[in-house]
Structures are given as structure tokens and as C-alpha cells.
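All figures in this text were calculated on a predicted structure; none of them were measured in a lab.
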Number of protein chains: 2
Amino acid sequence: MMKNNITMRDIANKLGVSTVTVSKALSDKEGVSDELKLKIKQLAAQMGYRYNTTAKAMKEGLSHNIGVIIPERFTGLAQSFYLIVYKQISLLLEQAGYFGILSILSDQDEEQLQIPKIYAEKKVDGLIILGQISKGYIQLVQEMDLPKVFLDFYDEHSDIDAIVTDNFYGAYELTNYLISQGHTKIAYVGNINSTSSIQDRYLGYYKSLLEHNIKLDENLVISDRDERGKYIELELPNSDLPNSPQNMPTAFVCNCDQIAYLLIQKLNSKGYAVPKDCSVVGFDNDIYATIATPHLTTMEVNFEQMSSIAVKYIIDKISSPSLKLGRVLVQGNIIHRDSVQNVK
Amino acid sequence: MMKNNITMRDIANKLGVSTVTVSKALSDKEGVSDELKLKIKQLAAQMGYRYNTTAKAMKEGLSHNIGVIIPERFTGLAQSFYLIVYKQISLLLEQAGYFGILSILSDQDEEQLQIPKIYAEKKVDGLIILGQISKGYIQLVQEMDLPKVFLDFYDEHSDIDAIVTDNFYGAYELTNYLISQGHTKIAYVGNINSTSSIQDRYLGYYKSLLEHNIKLDENLVISDRDERGKYIELELPNSDLPNSPQNMPTAFVCNCDQIAYLLIQKLNSKGYAVPKDCSVVGFDNDIYATIATPHLTTMEVNFEQMSSIAVKYIIDKISSPSLKLGRVLVQGNIIHRDSVQNVK
DNA sequence: CTGAAAGCGCTTACAG
DNA sequence: CTGAAAGCGCTTACAG
């Protein structure tokens, strides 16, 4: 293959200087006269010189790439939210002089504990894991010899640093808000054994009930997905008795906007209007929040801040491996829309 | 910074052989006895050796990265479709031994003809440009010294290879279908000067009209966005006369599903029901197709095939720079749903 | 079957 | 202010 690469050597030869001088001039280091520096820069531009990052990487032993691993199940047409977060991360990385490499983790690779190529081939200096992975895979990641951080989930049994939205407090606030609007019979929708987020949101909901002396009713905890994360048909309490609204909750705390969206469809199909008959709140403030009719009152997750902390941390950790972050909780923000009715 | 890197040197030293032998053994090359080869592989695994791609990249002058440039305006919450395509591309690249680096092109960088970092720093061996860029930027890309391909748009004035869906034929088919259902007064929705896709879809619509001896009515060509791509309020024909349905088209060919979705809302707000009063077809089969009520009859774009051609081509082109692809048209596929009424 | 030498394009540490 | 030497971790071409 023909290559017409311009290197520092070429510039040096043309000017009768050494590559050392060219290197110093191009990176604005001391030890070259201003005059020569200018001449070198001009010639470089004129010759179409491009800096070879690979050589630098070789020298430093650092690729200046950060890997972002996302489990495939979180990247479908309907759930492209993490891809938007990835975009954000890649932008922030670039501003910091790094580049992101996306690695989609298939269900199969996750199950078979397949080591990601980006790690096995030393493609990256650090890893951001975006989206809950299995226990086994967490352990695999933990043994990897580079800085890593979990984003949007954590694991209580490993000490990998994690950045999550304040799920607990968010659901707590949302439930408090429903109660302030006069609701007392409030359901929670989500499989509370499937991810740490869903579980923590559930606990926040529960805390709010406790504080208001409302007894937790297990019949009002409605699962939304199987253990593999696949959505299942929602079962309304008393769904076999469509005409007994007195047994229905007056409000639903959904673990995410998409489920809130699906729940509303289900409620409508059973003859319940939202928010007239039932109030519904979501979580995430993603695209489903404004696709739903009515638009959802929900908890906005501050992904920009979360991404920004993740990027800053992972880069800092490359130069200071002893850095510890622990578990960072990023506060969300209630967005008031039209899915909650005041029943006082 | 402490580094505990295992290199081929370390393995070689432990075994009292040369790095050449280790290199050959690990990459299954000839010239090492099977016995020694096995011993080397075992020791490598045991020592936790990871292959250093950067060294290989240095040697070959090839990074084994492919850059994917997406203009920022195509990556919003509501339009994350290209990010899903990016995911697909990154998966295909990984299968082929490459990695994708996403580079989001901001409006500002596009306007100021800022050279992408991934190019200036020789981070990538090839470039996939996903989504229409400005004329000026096309020229900048054209001058770049590496293989590149346009995905989902093309430019008639440059000879960069391009892979697009068959917009022309797709809109032609969709319009034919509407006519077969008895429609004759058919509008087109889209700014026909904004992108090659919208323009070609318009021309396909027009060809169908011509073939059926239906006169093109310029009042039925409705713009949907300004020259910067920002959506504008849709103006229905005769929208000032809400009660004169006799002047309304009975069908609308929309340049994309999102606009079809917005159009339906607009129609509803003016008192027109879809598909009872007006039929609507979309294009893309993206998330808006099933968010809309009714669900849209639309043209499914075969992005999997398009991505796969793009990846294959760019990789082939790295080893055979003289390769030419021209403009590849990938056929779409009509998806029949509920937004078209037979009016015969 | 095995290995010494050279080189990919930079940078660092040192000498002048 | 300027540059010769060495080295980052591999691979290729050649010699034995």
C-alpha cells in the first residue's frame, strides 16, 4: 500500500534541523527560538503534517481512549437513551483530549463472561460501564487492571466507584408529592429484584409511605419485567374486576417513563382515565414522558452532570490510580406536567 | 505512575527465548515448534499478558479505528435514530477487527470548517459520515487523505462514495400505493431544498403523479423546516378555511415519520381525522411510526444493510485505496399500518 | 526451528 | 538554543 505520510523527520530534513527541535516547536515546548518555531509550524501546516497520536501513545503506554460498555438490551429502538448519554460522554471526552470507544455487550458475551476486546487488546486506558451488568460480569470487570467506573447503577458487593441518580430520594420525593395531592392508595410499578435503580426507587416510595403512616400493600407492587429485563404484561390490581374502582389505587409510581406510558395505555384500555381516575408519575424524563398522553409528571435525571462526573473522574484516575470516588448520588428534579390529579 | 505491564519481552525472558519467537507463537505464525508455542501461550495467559495494539498500529501505520462523524443536530433526544445506526456500525466494526470512534460535529465547527480532531491526530484509518453536512464541509472532507464514505446522503458535486436508501423509488412506491387506494389530491410535506433525501423523495412523489397524469400542485408542497433544518409550524393548505375539506388533499406523503406524526397532530387540531378524512404516509419506520395514532404506513429504511455495506467498503478501501463504490441505493420496504384509507 | 537487527514516529533525558 | 541516543512494544526480513 502506498503511503504518503508526512512525519517530523520530513519537516526536520527540509529545514536541516533535528526531529527533537521539530517536536519541541510543534508542541510549544521551550528550547527553540521563536523564529525557528514559527518557521517549523508554517512548514508543517504547508506540508499538511498531521500529528501521529499513535507514536505518542506508544511512548506513554497510554491510548487516550476510554471504553464505554453498554449492555445491548439497553440500546434498542425504544430505549436509545443510553446512546444519547454515550454521545454526551464522547463529547466530553473529546474536550478533555480523549476519545470514546463504544463497546456493546451482548447478552451472550455477558453470560459467558467474555472479556471485551477493547480490554484484551489494550485499546483503552479506562472503562465506563453504562447500565447494570450481571454479578458475574461485575466481578470480571473488577479484576481488570485499569480505572473503571459504573454509571447509572452500582453494586453493593464490589467497591467499584459508581455514579447514580439519587433513585431513593427521587422516588421518595415523587411519592411525597402524590401524598401532598391527597393520594393514599398508591401503587409501585417495577420488578424490585431486577436492578439496583428499580429497587432503590421502590425503597424511596416505601420510605414515603412509612413517613405518612400508610401501610405498604404488597398487592400494589406490580412487576413490569422478568428477571432478564424483558417487559411483561402489566397486571392491574383487581384487573379481573374492571368495574370496582374502589379497589384500584388512585396513583401509580412507575419506575420509569416507558412503563408509565405503557401503564397509561393499559389503564385506558380498562376504562380508567389519567389523571381523572388515576394519577401516574414516571421517572427519567426521557422521550416517553412527552409521548404519553397526558404528558408525564416525572423525575428528571441529570445525565449531563452524571456524565461529566464520570468523565472527569476516569481521566483523573488514569494519572492518580489511588483516587477513590465511592458512590456519588446525583440529585434529580421533579418535572410537573399533566398526569397527576389533586384529589383533596 | 506505576505500571505493571506484561510484554512479550517478559514472557521471552522467563522462557529464555527471543521476543520474535513469542510474537510468532502468540499470533500462530509458522516457525515455532508446537511444543514451544503451547508453552508460550500458557505462560502468556498465566501472566495475564494483553496484546498491545498500539505497538502494532505504530508498526503498520494503521490505527484500526474508523471515525464516524454525525452532525450534532441529528442526535437530539427526539432524533436519536442515527445513534442507533452508530451502535450498529460499531458492532460491525468490532466484528471486523476495527473500532469505531464517534465524532459529533457541532453546528459551529461545521460552519467554521473546523477539522475533526480524529483526523488531525491520525486517530482513524477511515471515515464514515452519517447524515448530511454542508457543502463547505463536504469539500473539507473530500480533501482529507483517507478513505471515506457518506452514509444516508450524497452530494452530486463531489465524487465521494455514498450509500443511501432509495429515496426516489421509495416515495414513488408510496405515492403509487396511495393512488391505488383512490387518492388523487396528494400533498408532499418537506422542505425540498434542505437535504438530498427530502428532495429525492419529492421527486419520486412527483414521478408517480406524472405517471398517473395528476398535475403537480405547488400549493400542495408544504415546507417543514427552515434552511438550517429546524422544524417550522406546518401550514395546511387552506388552513384559514377549516370547514372547506373539499379543498384539502385527501392524502399526505411526508418526508419522514416524525413530520407525519406532527402533521397528524396538526390535522387533528383542525378537526380532520386520520385516516378517515386524510390519509398520511411517513418515511423511515423509526420510533415515530408507532408513536403516532394511528400507527403509520411508512417506508422502512434498511439501515442494517446500509451500515453493513458502509463498514465493509471502508475496510476494503483501506487496503485497496483505488476501490470505487459510486452511489449505492438500498431498497426500502413498505410497512402497512393504519394511516391510509381506501377511498375508491 | 530460532533469533539479531532494524524500524514504525514520536519524546525524554542528557550533553554541548 | 540545538541535537545524538535511547526507548515505548511490537513485526518483518533476513541469517543461521
Side-chain angles (χ1 to χ4, degrees), chain A residues 1-41 43-44 47-65 97 120-125 145, chain B residues 1-41 43-44 47-65 97 120-125 145:
Chain A
M1 191 183 129
M2 195 204 71
K3 293 199 300 183
N4 62 342
N5 253 349
I6 314 289
T7 70
M8 288 188 183
R9 172 91 272 143
D10 299 322
I11 298 173
N13 286 157
K14 275 222 173 172
L15 253 28
V17 298
S18 78
T19 58
V20 177
T21 301
V22 174
S23 170
K24 285 174 182 163
L26 291 180
S27 54
D28 268 326
K29 294 239 170 68
E30 296 201 329
V32 191
S33 69
D34 287 350
E35 195 186 5
L36 182 53
K37 207 178 254 190
L38 187 66
K39 210 150 66 175
I40 289 173
K41 285 185 178 180
L43 184 59
M47 292 173 76
Y49 171 77
R50 287 190 286 148
Y51 183 81
N52 188 321
T53 337
T54 305
K56 190 189 180 197
M58 177 90 249
K59 193 81 174 59
E60 290 183 354
L62 249 27
S63 67
H64 286 262
N65 294 145
E121 298 182 3
K122 282 201 181 159
K123 266 287 188 177
V124 297
D125 304 332
D145 177 28
Chain B
M1 190 182 129
M2 194 204 72
K3 293 201 300 185
N4 63 341
N5 252 349
I6 315 289
T7 69
M8 289 188 183
R9 172 91 274 144
D10 299 323
I11 300 173
N13 287 158
K14 275 222 173 171
L15 253 29
V17 298
S18 78
T19 58
V20 177
T21 300
V22 173
S23 169
K24 286 173 180 162
L26 291 180
S27 54
D28 267 327
K29 293 239 170 66
E30 296 202 329
V32 191
S33 70
D34 286 349
E35 194 185 4
L36 181 53
K37 208 178 254 191
L38 186 65
K39 209 151 64 175
I40 288 172
K41 285 185 178 179
L43 184 59
M47 293 174 75
Y49 170 76
R50 287 190 287 149
Y51 182 82
N52 187 322
T53 336
T54 304
K56 191 188 180 197
M58 177 90 250
K59 194 81 175 61
E60 289 183 353
L62 249 29
S63 67
H64 286 263
N65 294 145
E121 298 182 3
K122 282 200 178 156
K123 265 288 189 177
V124 297
D125 304 332
D145 178 28

Among D:dG3, C:dC10, D:dC10, the nucleotide that comes nearest once only the side chain of A:Y49 is considered: C:dC10
Stepwise side-chain contact (heavy atoms from CB on, under 4.5 Å) test for B:Y51 and B:L26: CA-CA 9 Å; B:Y51 182 82; B:L26 291 180; 6.0 Å; no
First of A:A55 and A:V17 reached from the 5' end of DNA chain D, by closest nucleotide: A:V17
Donor-acceptor contact below 3.5 Å, side chain B:D125 vs main chain B:S63: yes
Within residues 20-29 of chain B: residues closer than 4.0 Å to DNA chain C (heavy atoms): B:V20, B:T21, B:K24
Closest to side chain of B:K59, choosing from D:dT11, C:dG3, C:dG9: D:dT11
A:G31 vs B:T7, nearer the 5' end of DNA chain D by closest nucleotide: A:G31
Integer-rounded Å distance: C:dG9 C1' and A:M58 CE: 11 Å
Integer-rounded Å distance: D:dG9 P and B:I6 CD1: 11 Å
Complementary nucleotide of C:dA13, counting Watson-Crick and G-U pairs under 3.5 Å: none
Atom pair distance, as rounded to whole Å: NZ in B:K39 and P in C:dC1: 15 Å
Expected output: side-chain A:S27 to main-chain A:S23 donor-acceptor under 3.5 Å: yes
Phosphate-side-chain proximity, A:N5 and C:dG9, N/O vs OP1/OP2 below 4.0 Å: yes
Protein-nucleotide distance (A:K122, atom NZ; D:dC8, atom P), rounded to Å: 13 Å
Protein-nucleotide distance (B:I11, atom CD1; C:dT2, atom P), rounded to Å: 16 Å
Salt bridge A:D145-A:K122, side-chain N to carboxylate O under 4.0 Å: no
Selection from C:dG3, C:dT2, D:dG9 that lies nearest to any side-chain heavy atom of B:S33: C:dT2
B:L62 CG to D:dT11 P, straight-line distance once rounded to whole Å: 14 Å
Pairing of A:D34 and A:K39 as salt bridge, 4.0 angstrom limit: no
Test item: A:K37 side-chain N/O and A:K29 main-chain N/O as donor-acceptor pair under 3.5 Å: yes
Sugar-phosphate, base or nothing in reach of A:M8, heavy atoms under 4.0 Å: sugar-phosphate
Length of the NZ-P vector between A:K56 and C:dC10, whole Å: 12 Å
Opposite nucleotide pairing with C:dA4, Watson-Crick or G-U, both atom distances under 3.5 Å: none
Exam field: side chain B:N13 to backbone B:D10, donor-acceptor pair closer than 3.5 Å: no
Rounded interatomic separation in angstrom, taking CD from A:E60 and P from D:dA6: 22 Å
